[in-house]
Colleague: 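Take a look at this one; I'll ask things after.
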Amino acid sequence: MASEYDVVVIGSGTGGYVAAIRAGQLGLKTACVERASVLGGTCLNWGCIPTKALLEHAHALKIAQDWKEWGLTIGEAAIGIDMNQVQVRKDKIVKGLTGGVEFLFKKNKVDWIKGSGRLAGKGTVEITDGDKQTISVKKEIIVATGSQPRSIPGIEIDKKRIITSDEAIGLKTVPKSLVVLGSGAVGVEFASIFRRFGSDVTIIELLPRLVPVEDEAVSAELERSFRKQGIKVLTATKVTRAKAGANGVELEAQMSDGKSGKLSAEYLLVATGRGPVTSGLGAEEAGLQMDRGYIRVDPQLRTSVPGVSAVGDVITFGQPGHPQLAHLSSAEGIAVAERIAGQEFRPINYDQVPAGTYCDPEIGSVGLTEAEAKARGFDVRIGTFKFSALGRARIANETEGFVKIVAEKKYDEILGVHMIGPRSTELVAEATLALRLECTVEELIRTIHAHPTMSEAVGEAAHAAHGGAIHS
Ligand SMILES: Cc1cc2nc3c(=O)[nH]c(=O)nc-3n(C[C@H](O)[C@H](O)[C@H](O)COP(=O)(O)OP(=O)(O)OC[C@H]3O[C@@H](n4cnc5c(N)ncnc54)[C@H](O)[C@@H]3O)c2cc1C
């Protein structure tokens, strides 16, 4: 392996490995430093992919549990979930994908340097363990060291009873009871998975509503559905203390009515957010401007030190926060690699980043919520269409939820699309393109949606924004 490269990427998550492949494609001599024993970072190993694998098992179980409705001849007694098989299948999917990244590195002549990378002066990266060496970098270093779970005061993660998503993803038995702390994407996904698998699930959120970054109507619909599924929802509730014992966890909380309360469960899953990973990176010594532990970057994703860029979960632009999403980190990785290769920097519009939350029912959203649009002074127009009125949703036996379009009246431009219901994480792609092309509601109405599809809900929501959906 050479010890001189055009580009060195530190971290091989969806930000880092995509940046490295793009740099390799553009003819830059590239290395990617990764200290884990596998490539792919959080998303492939502990995040997006394994959680969605578990959710597909939960979906399969749901179909089986509704066997009478579907005319299946399984019989009640046989229905259950084999967690060993769930783990085997999940691991096989993860292994296939991380191996795929290794293959793509070879295809694009990207060297994987195994070990921890440290910024060691201008144009220099030191590998402090594993393949120890000093590498000189001719063009640019890209930091993509990602994020890790973090807790809140009063709660110490012991990884046995008080766990994070990293441990929950590998559970070999279905917990009898589970308290999920935090109702962001990670929290609601695990609540859905383990409720479907048979756990007694309670979800606790400090703020007054579930999935607080989503449109308020989406939060209300998810809470309604969770309660219907038997998930206990405690919003405006503050957990003040958690104590792990041999068989479970005791919790103390300040409840929504201001009184103190006690809860207990076999496991407490802490899903209160993720913090930046910069340990051993030498970021501060190298002079990188930091912001609450994150690396501060400019709109072109350059740090305060020339020749060092950063992408993904580890970065911040200051306020408001930078969304921690796999596809966003990849888009940033591509943008930086292309800039380093001499191409024009194509700025990312952070108002047009789609988000998928794979709870049941799933959520897809892009752009401004109704409240955000109003706060920015737009004269807002809303169109909503329920999945229950769609043929395809009835065929799938998944009729919960709706599509909501937020537009402005002056130019008829679509500002945001928020949906909860079947295939919402797929349907959000059309909405993302609509925002990207500065599409009007009228254009979405005139876009013919194939029948019978879930996507008809998007077209109908556009009709609704102009005063009348056909099927409601
Ligand atoms: C349970 C869960 C579910 C999720 N689901 C989704 C989803 O459905 N969709 C979505 O968009 N996002 C999802 N995310 C978020 C997504 O995983 C992250 O946004 C994404 O992985 C960020 O990529 P990254 O490249 O910035 O960092 P990471 O993926 O965290 O990768 C960083 C890599 O850098 C390595 N590293 C760190 N420091 C060093 C060093 N000094 N030297 C060498 N290597 C180093 C680490 O070992 C790691 O491999 C989920 C996250 C979790 C936890």
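Whatever order the structure lists them in is the order used to number ligands and atoms, beginning at 1.
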Colleague: Taking 4.0 Å as the limit for heavy-atom contacts, which would you say applies to Gln148 with ligand 1: side chain only, backbone only, both, or neither?
Modeller: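 Gln148 to ligand 1: no contact under 4.0 Å from either part.
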Colleague: Counting from 1, what ligand 1 atoms have a heavy atom of Ser147 closer than 4.0 Å?
Modeller: 30 (O)
Colleague: Does ligand 1 have a heavy atom under 4.0 Å from the side chain of Thr51, from its backbone, from both, or from neither?
Modeller: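 It is the side chain that gets close, since no backbone atom is under 4.0 Å.
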Colleague: Given Phe190, which of Ile169, Ile203, Leu55, Ile163 fulfils the side chain to side chain contact (heavy atoms under 4.5 Å, CB included) condition?
Modeller: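 Only one of Ile169, Ile203, Leu55, Ile163 forms a side chain to side chain contact (heavy atoms under 4.5 Å, CB included) with Phe190, namely Ile169.
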Colleague: Identify, for atom 46 (C) of ligand 1, the protein heavy atom at the shortest distance, and state residue, atom and that distance.
Modeller: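 Closest protein heavy atom to atom 46 (C) of ligand 1: Glu34 OE2, 3.4 Å.
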Colleague: Hey, are the side chains of His327 and Pro354 touching, using non-hydrogen atoms and a 4.5 Å cut-off?
Modeller: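 His327 reaches Pro354 side chain to side chain.
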Colleague: Do the side chain of Ser219 and the main chain of Leu210 share a donor and acceptor less than 3.5 angstrom apart?
Modeller: yes
Colleague: Is the closest heavy-atom distance from Val186 to ligand 1 below 4.0 Å?
Modeller: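 Right, Val186 reaches ligand 1.
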Colleague: Which atoms of ligand 1 are found less than 4.0 Å from any heavy atom of Trp46?
Modeller: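 Atoms satisfying the 4.0 Å criterion: 1 (C).
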Colleague: Which is it for Leu325 and ligand 1 at heavy atoms under 4.0 Å: side chain, backbone, both or neither?
Modeller: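 For Leu325, backbone and side-chain atoms both sit under 4.0 Å from ligand 1.
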Colleague: Looking at non-hydrogen atoms alone, which of Ala271, Ala355, Gly146, Gly187 comes nearest to atom 27 (O) of ligand 1?
Modeller: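 That would be Gly146.
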Colleague: Is it the case that atom CD in Gln300 sees more than 12 heavy atoms from other parts of the structure closer than 6.0 Å?
Modeller: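 Atom CD in Gln300 is packed in, count exceeds 12.
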Colleague: What is the closest protein heavy atom to atom 53 (C) of ligand 1, and at what distance does it sit?
Modeller: Arg274 NH1, 3.3 Å
Colleague: Answer with yes or no after comparing the ring centroid distance for Tyr267 and Phe194 against a 6.0 Å cut-off, counting only values under it.
Modeller: no
Colleague: Does Ile10 approach ligand 1 within less than 4.0 angstrom via side chain, backbone, both or neither, non-hydrogen atoms only?
Modeller: side chain
Colleague: Out of all atoms in ligand 1, which are within 4.0 Å of some heavy atom of Gln324? Include the element for each.
Modeller: 15 (C), 19 (O)
Colleague: Is a salt bridge present between Lys160 and Glu167, judged by a nitrogen-to-oxygen distance below 4.0 Å?
Modeller: no
Colleague: Among protein heavy atoms, which sits nearest to atom 13 (C) of ligand 1, and what does the distance come to when rounded to 0.1 Å?
Modeller: Cys48 SG, 3.3 Å
Colleague: To check your reading of the model: name the closest protein heavy atom to atom 28 (P) of ligand 1, its residue, and the distance in Å.
Modeller: Thr42 OG1, 3.5 Å
Colleague: Classify the contact between Ser165 and ligand 1 as side chain, backbone, both or neither, using a heavy-atom distance cut-off of under 4.0 Å.
Modeller: side chain
Colleague: For ligand 1, which atoms, with element, lie under 4.0 Å from some heavy atom of Gly312?
Modeller: 26 (O)
Colleague: If you measure from CG on Leu288 to CG on Leu281, what distance do you get to the nearest 0.5 Å?
Modeller: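 Output value for this atom pair is 7.5 Å.
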Colleague: So, 4.0 Å and heavy atoms of Pro149: is ligand 1 close enough to count as a contact?
Modeller: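 Under 4.0 Å: no for Pro149.
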Colleague: Relative to the heavy atoms of Ser116, which atoms of ligand 1 are at a distance of less than 4.0 Å?
Modeller: 42 (N), 43 (C)
Colleague: Could you list the atoms of ligand 1 found under 4.0 angstrom from a heavy atom of Tyr358?
Modeller: 8 (O)
Colleague: Show me which atoms of ligand 1 lie under 4.0 Å from any heavy atom of Gly115.
Modeller: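 In order of number, 42 (N), 43 (C).
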Colleague: Quick one: side chains of residues 18-25, donor-acceptor pairs under 3.5 Å with protein atoms, not counting sequence neighbours, listed by atom name and distance.
Modeller:
| unit_1 | atom_1 | unit_2 | atom_2 | d |
| --- | --- | --- | --- | --- |
| Arg22 | NE | Glu338 | OE2 | 2.8 |
| Arg22 | NH1 | Gln25 | OE1 | 2.7 |
| Arg22 | NH2 | Glu338 | OE2 | 3.0 |

Colleague: Applying a heavy-atom cut-off of 4.0 Å, say which part of Ala185 lies close to ligand 1: side chain, backbone, both or neither.
Modeller: neither
Colleague: Which option, Ala310, Gly11, Ala144, owns the non-hydrogen atom nearest atom 32 (C) of ligand 1?
Modeller: Ala144
Colleague: Specify the protein heavy atom at minimum distance from atom 23 (O) of ligand 1: its residue, its atom name, and the distance to 0.1 Å.
Modeller: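 Looking at atom 23 (O) of ligand 1, the protein heavy atom closest to it is Thr14 OG1, 3.2 Å.
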Colleague: Return the residue, atom name and 0.1 Å-rounded distance of the protein heavy atom closest to atom 26 (O) of ligand 1.
Modeller: Asp313 N, 2.9 Å
Colleague: Give a yes or no on this: more than 12 heavy atoms of other residues, nucleotides or ligands lie within 6.0 Å of atom NZ of Lys386.
Modeller: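 No, not enclosed.
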Colleague: Atom 21 (O) of ligand 1: which protein heavy atom is closest, and how many Å away?
Modeller: Cys43 N, 3.3 Å
Colleague: Is the closest heavy atom of Gly356 to ligand 1 under 4.0 Å?
Modeller: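 Gly356 does not count as a contact of ligand 1 under the 4.0 Å cut-off.
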Colleague: Given Leu28, which of Val110, Asn108, Val7 fulfils the side chain to side chain contact (heavy atoms under 4.5 Å, CB included) condition?
Modeller: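 Answer after filtering Val110, Asn108, Val7: Val7.
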Colleague: Below 4.0 Å, non-hydrogen atoms only: which portion of Ser329 touches ligand 1? Side chain, backbone, both or neither.
Modeller: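 Side chain only; the backbone of Ser329 stays clear of ligand 1.
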Colleague: For atom 5 (N) of ligand 1, tell me which residue out of Arg118, Lys52, Arg35 has the closest non-hydrogen atom.
Modeller: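 Result: the heavy atom closest to atom 5 (N) of ligand 1 is in Lys52.
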Colleague: Identify, for atom 42 (N) of ligand 1, the protein heavy atom at the shortest distance, and state residue, atom and that distance.
Modeller: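 Checking every protein heavy atom, the shortest distance to atom 42 (N) of ligand 1 gives Gly117 N, 2.9 Å.
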Colleague: Should one rank Ala326, Gly47, Gly41 by closest heavy-atom distance to atom 52 (C) of ligand 1, which comes out on top?
Modeller: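 Among Ala326, Gly47, Gly41, the closest heavy atom to atom 52 (C) of ligand 1 comes from Gly47.
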Colleague: Could you walk me through whether Asp215 and Lys404 pass the side chain to side chain contact (heavy atoms under 4.5 Å, CB included) check?
Modeller: CA-CA 9 Å; Asp215 192 276; Lys404 172 174 174 178; 2.8 Å; yes
Colleague: Got Thr303 and Gln289 here, is their nearest side-chain heavy-atom distance under 4.5 Å?
Modeller: no
Colleague: For residues 46-62, which residue pairs qualify under salt bridge (charged side-chain N to carboxylate O under 4.0 Å, His left out), counting only residues two or more places apart or in two chains?
Modeller: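 Qualifying pairs: Lys52-Glu189, Lys62-Asp360.
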